[in-house]
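The chain is numbered in sequence order, starting from 1. Note that the coordinates shown come from a computational prediction; the quantities given were computed from them, not determined experimentally. All heavy atoms count here, side chains included; hydrogens, waters and symmetry mates do not.
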Amino acid sequence: MNDNSIFNINNINIYSILRDLLKNWWVIILAGLIGLMGTYTVIRGSFEPEYTSSAVYVVTPKESTGYKRSDKAIARNAITAFSGLVNQDIMIKRVTQSLGDIPWDANVVIENKNNTNIMTMSVTSPSPMESFLIIRYIMENYRDLSQYLNEDAIFEELRAPKIAEYPDNATVARYKALFAGVIGILLMSALIALLSILRDTVKTDYMFENQLGAIHYGTIGHENKNKTFKSKIKKNVKSILITSPIISFNFIEAINNVRVKMEYEHERKANKNVFMVSSACENEGKSTVVVNIALSLVKEGKSVIVLDGDLRKPALHKLLDIKPESVVDYIELLQGKKTLEEVMYVDKDSGLRIVMANKGHSSSYEYVKSEAMRDLIDTLSQMADYVIVDTPPMAMLSDAEAMADMVDFSLLVVRHDFSFKYDIRNSVTVLEDSNSKFLGCILNDFRNVPLPNSNSRYGNYNRRVEVQNG
């Protein structure tokens, strides 16, 4: 039963998400800047500064001759009464008249510190001078209104008020803007991660059977072309071949695992030895897979011939670093102008035999579906233990579809997080309906960051290459 759950943990590829986040870092930063600047602009447009002046007083009874325990109680009562007096209309009116009949927009806070006889008074208003003057005017006028106090007390100044230099809420706008910027970054990151998860590509080998209905034939991990510092600078490594001394063990083992399966298919049906390797789209690495499988078979002492069936964009001579002038285009063989011996290229180092073209041909389909091509494949199958045919992408040309009826087995290379499932499904359907036996899909260039406690059968691929049947 197919599992099409989008958020199944086996369908999520952390590497793909991280790659998309890094690739779109500028979009994430832009979202943060928009949130920051937009919020700051809105706040500044409606920003009203608040300045606070404060003073500290000690409250003692007027007739006090020394410290008494009852002085604290008297001070607390006096402070409570004073707080009520400050907020009465008579005090507000007296202060506003002193300030020139300006509107009362101040906030006065009276506090009794730790139930002692110490009182703090803070005045907050839009003007630093206004806050300072209000404290002064209150302390000058409270004596005239002292009859409203419950206790006859004296307020002695311990710390005089000062004019505020900066608004109290100046940092609020910055903090809110920074918070909005962070939220913008997080939301954009979440959106990019969600789009990465929803992108309809193959990100894990789990998807083949459970969402595409295709057999998972093998997984080949990502391999860097240029590993040394010198090669990274010059970028002189053109292809990834298992014959190179710098190729990783995991990559070689992944190729060998696919090769073993192909050998098993051939042993079951000894008279069938022609394998076709295709892909849904361009740049999925099928030609690299073809050459490496062929080299792996040659290392096992097998006789192998590779046929470059991609007549539109032949790539085998580039992968093997063969000069075009050294290649005899086998189109001339199909046209009857050359013999098979004349077009057959033999690699001196490996002994691999290759039939290939040295340039693209626009009328490739006419040659691919011709009887001459069928005869060529039949002849090659009798000359070697294995014949591997490299074809053009199936979503672009019908050449591979025509070739599938001339071979014994077919494989589809699917690059990690590259081709859309729609194209892959169509290619699988074509291969399954052909005269050849469709063996399954090879997940190529696979990269992932293992999830902790992941139930994926291949969650630890980076530590250990596993290739299993679907």
Could you walk me through whether Val123 and Ser54 satisfy the side chain to side chain contact (heavy atoms under 4.5 Å, CB included) test, starting with their C-alpha distance in whole Å, then the side-chain angles of each, then the deciding distance to 0.1 Å, before giving a yes or no? CA-CA 6 Å; Val123 177; Ser54 60; over 6 Å; no
Steps toward side chain to side chain donor-acceptor pair (under 3.5 Å) verdict (Ser278, Thr391): CA-CA 5 Å; Ser278 189; Thr391 70; 2.9 Å; yes
Hey, mind stepping through Val368 and Leu311 against side chain to side chain contact (heavy atoms under 4.5 Å, CB included) and telling me if it holds? CA-CA 8 Å; Val368 169; Leu311 293 172; 4.2 Å; yes
Verify the distance criterion only: is there a donor paired with an acceptor across the side chains of Thr339 and Glu342 at less than 3.5 Å? yes
Look up atom CG in Leu352 and atom CG in Leu320, then write down how far apart they are to the nearest 0.5 Å. 7.0 Å
Test side-chain hydrogen bond (donor to acceptor under 3.5 Å, both in side chains) applied to Ser350 - qualifying residues, sequence neighbours left out: Asp347
Val414 vs Asn444 side-chain heavy atoms within contact, under 4.5 Å: no
Using the side-chain hydrogen bond (donor to acceptor under 3.5 Å, both in side chains) rule, collect all pairs that involve residues 279-299, keeping only residues at least two apart or in two chains. Asn256-Ser296, Arg259-Ser296, Glu282-Lys313, Glu284-Ser419, Lys286-Asp390, Ser287-Asp390
Interatomic distance, Asn24 atom CG to Ile192 atom CD1 [nearest 0.5 angstrom]: 4.5 Å
Calculate, to the nearest 0.5 Å, the distance between atoms CG and CD1 belonging to Leu411 and Ile388 respectively. 9.5 Å
One pair to check against side chain to side chain contact (heavy atoms under 4.5 Å, CB included): Val430 and Asn426. What are the steps and the verdict? CA-CA 6 Å; Val430 169; Asn426 287 344; 5.6 Å; no
All heavy atoms of Ile240 vs all of Asn224, minimum pair found to be CD1-C, 4.5 Å
Rounded at 0.5 Å granularity, tell me how far CD1 in Ile12 sits from CG in Asn448. 10.5 Å
Euclidean distance, Glu401 CD relative to Ser434 OG, rounded to 0.5 Å: 8.5 Å
How would you list, by chain and number, every residue that makes a side-chain hydrogen bond (donor to acceptor under 3.5 Å, both in side chains) with Thr52, sequence neighbours excluded? Thr124, Asp168
Quick one: sort the Tyr15 and His416 rings into parallel, tilted or perpendicular, breaks at 30° and 60°. tilted
Rounded to the nearest 0.5 Å, how far does CD of Glu371 lie from CG of Leu334? 11.5 Å
Could you go through Arg425 and Val428, starting from their C-alpha distance and side-chain angles, then the distance that decides it, and tell me whether this counts as side chain to side chain contact (heavy atoms under 4.5 Å, CB included)? CA-CA 5 Å; Arg425 289 191 189 99; Val428 169; 5.7 Å; no
Partners passing ring pair (Phe, Tyr, Trp, His ring centres under 6.0 Å) against Tyr345 (at least two apart in sequence or in another chain): none
Which residue pairs pass the salt bridge (Lys or Arg N to Asp or Glu O under 4.0 Å) test with at least one member in residues 408-418, sequence neighbours excluded? Arg19-Asp417, Arg199-Asp417, Arg415-Asp445
4.5 Å side-chain heavy-atom contact, His222 and Phe446: no
Within the 4.5 Å heavy-atom criterion, are Pro167 and Glu50 side-chain neighbours or not? no
Atom CE of Met344 with >12 non-hydrogen neighbours under 6.0 angstrom: yes
Can you tell me if Lys203 uses its side chain to pair, donor with acceptor, with the backbone of Phe418 under 3.5 Å? no
Asp423 side chain to Ala280 backbone, donor-acceptor under 3.5 Å: no
Taking the six-membered ring of Tyr217, is NZ or CZ of Lys261 closer than 6.0 Å to its centre and within 45° of its axis? yes
Result block: side-chain N/O donor-acceptor pairs under 3.5 angstrom for residues 325-332, not counting sequence neighbours:
| residue | atom | partner | partner atom | Å |
| --- | --- | --- | --- | --- |
| Asp329 | OD1 | Ile331 | N | 3.0 |
| Asp329 | OD2 | His361 | NE2 | 2.7 |
| Tyr330 | OH | Asp308 | O | 2.7 |

May I have the list of side-chain donor-acceptor pairs in residues 374-387 shorter than 3.5 Å, sequence neighbours left out?
| residue | atom | partner | partner atom | Å |
| --- | --- | --- | --- | --- |
| Thr379 | OG1 | Asp375 | O | 2.8 |
| Ser381 | OG | Asp378 | O | 2.6 |
| Asp385 | OD2 | Ser303 | N | 2.9 |

Among side-chain atoms of Asp399 and Ser364, is any donor-acceptor pair under 3.5 angstrom? yes
Please enumerate all residues that pass side-chain contact (heavy atoms from CB on, under 4.5 Å) together with Val109, with sequence neighbours excluded. Asn107, Glu111
Sequence neighbours left out, what passes side-chain hydrogen bond (donor to acceptor under 3.5 Å, both in side chains) with Ser427? Give chain and number order. none
side-chain hydrogen bond (donor to acceptor under 3.5 Å, both in side chains) contacts in which one or both residues fall within residues 264-275, not counting sequence neighbours: Glu265-Lys437
Do the side chain of Ser239 and the main chain of Leu319 share a donor and acceptor less than 3.5 angstrom apart? yes
Looking only at non-hydrogen atoms, find the nearest pair between Lys162 and Ser53 and report the distance. O-OG, 2.7 Å
Heavy-atom distance under 4.5 Å between the side chains of Leu295 and Leu241, does that happen here? yes
Quick one: does any side-chain atom of Glu223 pair with a main-chain N or O of Ile247 as donor and acceptor, under 3.5 Å? no
Within a strict 4.5 Å, meaning less than it, do heavy atoms of the Glu130 and Ser125 side chains meet? yes
Any side-chain heavy-atom pair of Val298 and Lys302 under 4.5 Å: no
N/O donor-acceptor pair under 3.5 Å between Asp205 side chain and Leu443 backbone: no
Looking only at non-hydrogen atoms, find the nearest pair between Val343 and Lys338 and report the distance. CG1-CB, 3.8 Å
With Tyr367 via side-chain hydrogen bond (donor to acceptor under 3.5 Å, both in side chains) - residues at least two apart: Gln335
Which atom of Lys176 lies closest to which atom of Thr39, heavy atoms considered: O-CG2, 3.8 Å
With Asp200, which residues qualify under salt bridge (charged side-chain N to carboxylate O under 4.0 Å, His left out), at least two apart? Lys421
Please find the pair of heavy atoms, one from Pro324 and one from Asn358, that lie closest to each other, and give the distance. O-ND2, 3.5 Å
Side chains of Asn435 and Met406: does their closest heavy-atom pair fall under 4.5 Å? no
Less than 4.5 Å apart, side chain to side chain, heavy atoms only: is that true for Val355 and Val306? no
In terms of heavy-atom contacts, Phe438 and Ala214 come closest through CE2-CB, 4.5 Å
